[in-house]
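Worksheet for the structure shown next.
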There are 2 protein chains.
Amino acid sequence: MLEYIILGFLMKEEMSGYDLKQWMVNCTSYFFDASFGSIYPALKRLEEKGHISCHEVIESSKFKKLYAITDVGKTYFLNWLEKPIAFSKTKQDHLVNFYFYQYLPNEKAISNLKIFISEVEELLNRLSNQKSDVEKEYDVNQFKFIYSAMIYGVNYYQFIIDWCNKLLKQIEGENL
Amino acid sequence: MLEYIILGFLMKEEMSGYDLKQWMVNCTSYFFDASFGSIYPALKRLEEKGHISCHEVIESSKFKKLYAITDVGKTYFLNWLEKPIAFSKTKQDHLVNFYFYQYLPNEKAISNLKIFISEVEELLNRLSNQKSDVEKEYDVNQFKFIYSAMIYGVNYYQFIIDWCNKLLKQIEGENL
DNA sequence: GAGTTCATGTAAGTTGTTACATGATTCA
DNA sequence: TGAATCATGTAACAACTTACATGAACTC
């Protein structure tokens with residue numbers, strides 16, 4: 001998946017491994033992120049396969065290895081993109097915890113739920129602000145899919161918060 | 001995470017590696033599943049650590065290695081469970097695809113969205129039926145957390161379907 | 001008696017992360 | 001001049017999956 005994401009970003013413009021990481025942190029980290037330890041080897045592999053090409057530059061007096069997608073790479077990427085998407089059941093790690101909360105005293109369940117909620121709320125706020133910025137600065141119709149992904153992210157976080165709150169009220173109701 | 005899930009299941013009753021896999025497929029696969037190739041080595045590790053113990057039996061004329069959680073294991077599990085849950089951003093693989101759909105012709109985007117929707121709809125139907133069965137057979141108040149997880153699963157699938165349909169209508173509207 | 005399900009396990013491969021190492025440049 | 005950021009990279013580890021191997025029992 002990482003190699004496809006890299007190709008996807010390079011469809012827009014050439015960039016370095018460091019740039020790619022920045023893009024992920026700023027734009028896709030709510031559904032995909034990768035470490036330098038996987039990005040750099042991936043770039044090496046993609047170059048070996050001929051999907052990308054590299055040229056070294058000095059940009060604002062900083063050494064950079066800029067990677068550009070090749071025609072072979074473009075064909076490869078688009079061929080992958082047009083294939084039907086297999087829904088891969090995503091691990092919802094937090095559900096593993098909640099699933100066994102029957103073994104926890106209610107007070108502990110409540111306090112942990114509250115901590116978890118505020119954790120997700122912070123992520124929601126950050127993404128929500130980012131979404132507002134995009135709405136102000138860009139014509140969202142031109143970035144339909146990217147903007148839709150943001151809406152997904154915001155609504156997904158909200159969904160988790162709502163679910164937690166419902167569960168919270170249910171347990172709290174019992175404690176009375 | 002796998003080792004904790006195993007301990008969690010063994011909190012209920014002793015079972016074999018095969019049983020554990022069955023439980024995951026039938027009960028948790030919408031948010032967590034593991035292969036035999038990871039379950040059996042995990043059981044070995046847990047036994048070495050003294051978190052579980054094993055005894056071999058013939059159950060309905062079939063050889064089984066039944067694992068039971070030890071007191072040490074129980075303490076270890078509960079100690080993990082009561083810690084605050086770190087929200088780990090789950091990779092939403094399908095979003096990686098949709099994020100780059102600007103590079104796909106609208107017709108292809110539409111057909112792929114439709115395929116994806118029916119894929120998720122099938123999962124939703126299966127889980128939805130399972131949920132109905134649980135509602136009929138059990139007192140859901142006794143399995144609050146397990147039942148809440150099911151609601152999470154159903155609503156999560158529905159959320160994805162709704163998001164896809166919205167996006168679909170938006171693209172289809174453009175094609176007129 | 002042939003195929004399916006039950007049951008356990010291993011070896012190799014996949015796909016990452018974490019921690020470290022290096023060095024240049026920028027900024028206070 | 002010392003800390004932070006920019007920039008690239010590797011080695012070790014982690015946590016799995018896939019594919020294979022084995023064999024007993026059940027089912028038609």
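Every chain is numbered from 1, with letters handed out A, B, ... down the list of sequences.
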Original post:
So, are A:Lys64 and A:Glu59 salt-bridged, with charged N and O less than 4.0 Å apart?
Top reply: yes
**OP:** May I have all residue pairs that pass ring pair (Phe, Tyr, Trp, His ring centres under 6.0 Å) and include part of residues 66-85 of chain B, sequence neighbours excluded?
**Re:** A:Phe100-B:Phe77, B:Tyr4-B:Tyr76, B:Tyr4-B:Trp80, B:His51-B:Tyr76, B:Phe77-B:Trp80
**OP:** Determine, for B:Lys21 against B:Asp33, whether the closest basic-nitrogen to carboxylate-oxygen distance falls under 4.0 angstrom.
**Re:** yes
Subject >> Non-neighbouring partners of A:Trp23 that pass ring-ring contact (aromatic ring centres under 6.0 Å, His included), sequence neighbours left out >> reply: A:Phe9
**OP:** Assess the side chains of A:His94 and A:Tyr99: does a donor N or O sit below 3.5 Å from an acceptor N or O?
**Re:** no
With the criterion being N/O to N/O and under 3.5 Å, what pairs connect the protein with nucleotides 26-28 of chain D, and how long is each?
from	atom 1	to	atom 2	distance (Å)
D:dC26	OP1	B:Ser61	OG	2.5

Original post:
Do A:Glu122 and A:Arg126 meet the salt-bridge criterion of a basic N to acidic O distance under 4.0 Å?
Top reply: yes
Original post:
Got a sec, which hydrophobics cluster with B:Leu66, joining ILVMFWY side chains under 4.5 Å apart, including via others?
Top reply: B:Val57
**OP:** Let me know, please, whether B:Ser38 or A:Ala34 comes out on the 5' side of the other along DNA chain C by nearest nucleotide.
**Re:** B:Ser38
Subject >> Position toward the 5' end of DNA chain D (nearest nucleotide), A:Pro41 or A:Glu59 >> reply: A:Glu59
Original post:
Would B:Asn125 and B:Glu121 count as having a side-chain donor-acceptor pair, cut-off 3.5 Å?
Top reply: no
Original post:
How close or far is atom P of D:dA7 from atom CZ of A:Phe36, stated in whole angstroms?
Top reply: 9 Å
Original post:
Given atom CD of A:Glu56 and atom C1' of D:dA7, what is their separation to the nearest angstrom?
Top reply: 12 Å
**OP:** Identify whether the distance between the nearest side-chain nitrogen and carboxylate oxygen of A:Lys169 and A:Glu174 falls below 4.0 Å.
**Re:** no
Subject >> Terminal contacting nucleotides, 5' and 3', DNA chain C versus chain B (heavy atom, 4.0 Å) >> reply: C:dC6 to C:dG16
Original post:
Below 4.0 angstrom, N of the basic side chain to O of the carboxylate: do A:Lys131 and A:Glu135 qualify?
Top reply: yes
Original post:
Between A:Phe98 and A:Phe116, is the gap from one ring center to the other below 6.0 Å?
Top reply: yes
Subject >> 5' priority, DNA chain C, between A:Met1 and B:Phe63 [closest heavy atom] >> reply: B:Phe63
Original post:
Among residues 4-26 of chain B, which contact DNA chain D at a heavy-atom distance under 4.0 Å?
Top reply: none
